[in-house]
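For reference, the structure is listed below as structure tokens.
None of these values were measured; they are calculated from a predicted model. Note on naming: letters A, B, ... go to the chains in the order of the sequence lines (proteins, then strands), and numbering restarts at 1 for each one.
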Protein chains: 2
Amino acid sequence: MPVAPLFRPIDVAPAYQKVADAIEREIVNGRIKPGDPIGTEHDLVRQFGVNRSTIREGIRVLEEGGLIRRDSSRRLHACLPRYSKLASRLSRALVLHEVTFRELYEASMTLEVASIEGAVERASEENLAELADNLARSEAVVGHPAALAECDAEFHVLVAKASQNRVLQLAREPAAQLFYPTTEMIVTGVAEGGPRLVAAHRHLIDAIRRRDREAGVLWTRRHLQDWRRGFEKIASLDRSVEHMYMEHAQAARRR
Amino acid sequence: MPVAPLFRPIDVAPAYQKVADAIEREIVNGRIKPGDPIGTEHDLVRQFGVNRSTIREGIRVLEEGGLIRRDSSRRLHACLPRYSKLASRLSRALVLHEVTFRELYEASMTLEVASIEGAVERASEENLAELADNLARSEAVVGHPAALAECDAEFHVLVAKASQNRVLQLAREPAAQLFYPTTEMIVTGVAEGGPRLVAAHRHLIDAIRRRDREAGVLWTRRHLQDWRRGFEKIASLDRSVEHMYMEHAQAARRR
DNA sequence: CGCTCTAACTTTGTCGGACAAAGGGACAGA
DNA sequence: TCTGTCCCTTTGTCCGACAAAGTTAGAGCG
């Protein structure tokens, strides 16, 4: 017969975790603002009354979580977690879970359509200028797959930004990061891929400028379907995302 | 006149980072599989030829990233990053970026609709059984806001799971985690909130079972609009997500 | 007076060694 | 089979130390 639950589990978190939690609390509840200095390791040793090694382990945890970072002179500051860094964690997780390109494609279809809808509704002049600038650069490198793929990735980040919805921006990023390396392969392998890609971007900017939601959705779908057709020429949609991820992740880590 | 580029930048990452990178590489490229033991700290000291403090800092990084964890006896294992843990990082970031409930609502509308569409198309019998079980538990606690809110959160996780799309599952989670605490407040404040919530779930399960996409989308929209109406009775949609986050994040950390 | 260069001083990254507490395993006894 | 005990390993934490890189305060100079 099971005993009646008389005691609660005791909180026995190790010291470095408590240090990390304590600092995180101060940042999340706003007592430490992004940009504020945290103090030197020695300061923290004094404040928490634990050894420097312990403090350093706690700092690593927060650093990895993107809550604090070291500036040029390696001093500690609170900071806003960068989306791209967090997204690369997620991308890594997706790779490890061996998600397929089909899942990626389906999710991206949803997310990119939502982005363009937001952009059509709320894009500012500045957003449009950024997009136009991106388009110009894309046209200049239409013959260089690597550079074009990078422009494409940036283009969709800018569309998401133009949606003025940061939740959406963040939600689409992990899938987008996994798309990116394949775009280069596709543009390389399919002759008319580059021009079609740029043309789609042009139509998308046009749709945003005219606030034409239908056109925006239509061209986003076409754009993604182009990707899909191109991809299916080189691999099956049911293949899991794997190696293509590696290099890109390494590059992202260097920031 | 600029010198010809004779040398490449040298990799001057600190040792603990190199340790973390090296282990991460082995995990991501599959040479170490999820579940495999990593070895003791002492083993790693020998293998990498650095001090144990250095190894420990590297381990903290990987642990925070969810790539390795310590089992009951605190031995190190590789593991698949848990979505919920990563998502709580993202939720935290969203809080710090002071996103508004409007952004949350809009993004969730997109993501939850996509989830139900996937679920209608691909839910298995097992998925349906889990959902039915959740519904039964929800009906039992319809008068207890906290328990009901928890059931609601789980319900939508199960719907996303039924979509068989892990990218979608992951993408919706951060926003969902921020929703969750408010559901309790709403169910508490609005008398008919609980029964309406359960009724919506019932219709959603029914739609999935009948593979009725229209009904699924319709009831998902209604369900979210209910949330919105309830929320607007207690606060403005343009308020940023803040304090409500804290407690939930703390609880999530304990796993 | 303002600028540069140098000599302290700080801070970080790393190292070596140390120890208590907790877990795991083997073994004896009931 | 279950329990208690002893021993060994591993982890979490601490102490002290040092080189390298960055910072600060002057000293010296124009």
Handout entry: Heavy-atom pair with the smallest gap, counting every atom of B/V61 and A/E64
Key = CG1-OE1, 3.2 Å

Which is true for [X] with a 4.0 Å heavy-atom rule: it touches a base, it touches only sugar-phosphate, or it touches nothing?
X     : result
B/R56 : base
A/R70 : sugar-phosphate
B/R75 : sugar-phosphate

Handout entry: Nucleic acid contacts of residues 39-48 of chain B, taken as heavy-atom distances under 4.0 Å to DNA chain D
Key = B/T40, B/E41

Handout entry: Nearest-nucleotide comparison on DNA chain D, the residue closer to the 5′ end among A/S53 and B/E63
Key = B/E63

In whole angstrom, give the distance that lies between atom [atom1] of [X] and atom [atom2] of [N].
X     : N      : atom1 : atom2 : result
A/R52 : C/dC15 : CZ    : P     : 13 Å
A/N51 : C/dG16 : CG    : P     : 17 Å
B/I55 : D/dT13 : CD1   : C1'   : 17 Å
A/D71 : C/dT11 : CG    : P     : 13 Å
A/R60 : C/dT14 : CZ    : P     : 8 Å
B/E57 : D/dT11 : CD    : C1'   : 16 Å

Exercise for the section: Check whether any side-chain heavy atom of B/F231 sits under 4.5 Å from a side-chain heavy atom of B/T182, and report yes or no. Expected result: yes

Exercise for the section: Please work out whether the ring planes of B/H201 and B/F155 are parallel, tilted or perpendicular, with thresholds of 30° and 60°. Expected result: parallel

Practice task
Classify the ring geometry between B/Y105 and B/W227 as parallel (under 30°), tilted (30 to 60°) or perpendicular (over 60°).
Solution key: parallel

Completion exercise
The side-chain contact (heavy atoms from CB on, under 4.5 Å) partner of B/F48 among B/D43, B/T54, B/I23 is B/I23

Exercise for the section: Measure from the side-chain N and O atoms of B/R52 to the backbone N and O of B/L44, and report whether any donor-acceptor pair falls under 3.5 Å. Expected result: no

